[in-house]
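Here's the structure, in structure tokens; my notes come after.
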Amino acid sequence: MKMKNNFNSYPKYSLLAKCLHWSFVVLFAYGIYKQVEDLSDLEDLSLLKFEIFFAFIFLLFLAFRFVYMTKTQSSSLPDNTSRVQKLAAKLVHFSMYFCLFGIVSSGLMIGFLYWFGIKEGYLIEFSIFVHESFFSIIYWLISLHVIASIYHRFKQDGVWNSMVPFLKENKTLIK
């Protein structure tokens with residue numbers, strides 16, 4: 001039996017929400033690409049200033065995106081989605097924001113410690129540990145997020161179409 005899926009009945013994210021999502025992906029990828037490999041590279045004051053500037057821009061962008069998404073957008077999960085799945089989606093999204101905030105905050109801590117001449121010792125080692133831990137966690141969360149997106153693509157429930165501008169879902173579901 002064929003069942004028409006009315007994609008218009010699910011909340012759609014705004015164009016700004018979609019732009020924020022995909023530009024955030026690009027900004028994060030850029031941050032990974034240009035990451036500091038060796039802490040001694042921060043001896044270069046212009047690099048250190050750039051890293052701090054980039055972190056502040058990233059933090060402002062993250063805060064704006066969080067406020068915008070939580071105040072103006074609603075989930076695109078269908079109404080019949082289980083409470084457990086809705087909770088898991090919310091947990092992954094909020095955890096991603098938290099980890100990204102942790103990455104930026106610990107990165108800024110490392111930068112400022114280095115700026116003030118604290119290049120060794122417990123405080124900088126702890127900051128590096130926290131920074132690397134948040135990175136490990138965010139990779140798992142991003143993986144879960146992508147897997148869930150692909151799951152919804154195959155489920156064809158409108159969630160994929162709400163954020164992804166390519167490989168659009170069919171408008172007819174077979175149940």
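Please read these numbers as outputs of a predicted model, since none were measured by experiment.
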Look up atom CZ in R65 and atom OG1 in T70, then write down how far apart they are to the nearest 0.5 Å.
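One gets 11.0 Å once the value is rounded to the nearest 0.5 Å.
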Below 30° counts as parallel, above 60° as perpendicular, anything between as tilted: where do the rings of [X] and [Y] land?
| X | Y | result |
| --- | --- | --- |
| F66 | F94 | perpendicular |
| Y33 | Y30 | tilted |
| F28 | Y139 | perpendicular |
| H93 | H145 | perpendicular |

Would [X] end up clustered with [Y] when hydrophobic side chains under 4.5 Å apart are linked, directly or stepwise?
| X | Y | value |
| --- | --- | --- |
| L113 | L45 | yes |
| F116 | I52 | yes |
| W140 | F135 | no |
| F154 | I147 | no |
| V146 | V92 | yes |

Would you say the side-chain atoms of E51 pair up with the backbone N or O of G111, donor to acceptor, closer than 3.5 Å?
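No: the side chain of E51 does not pair with the backbone of G111.
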L48 versus E43: any side-chain heavy-atom pair under 4.5 Å?
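Of all side-chain heavy-atom pairs linking E43 with L48, none is under 4.5 Å.
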Are side-chain heavy atoms of L42 and W115 found at a separation under 4.5 Å?
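No - every pair of side-chain heavy atoms lies 4.5 Å or more apart.
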Using ring centroids (six-membered ring only for Trp), state whether F98 and F134 fall under 6.0 Å.
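Yes, close enough.
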Over 12 foreign heavy atoms within 6.0 Å of CZ, F126:
no
If you draw a 6.0 Å radius around CZ in F101, do more than 12 non-hydrogen atoms from other residues or ligands fall strictly inside?
no
Salt bridge (Lys or Arg N to Asp or Glu O under 4.0 Å) pairs touching residues 21-30, sequence neighbours excluded, are none
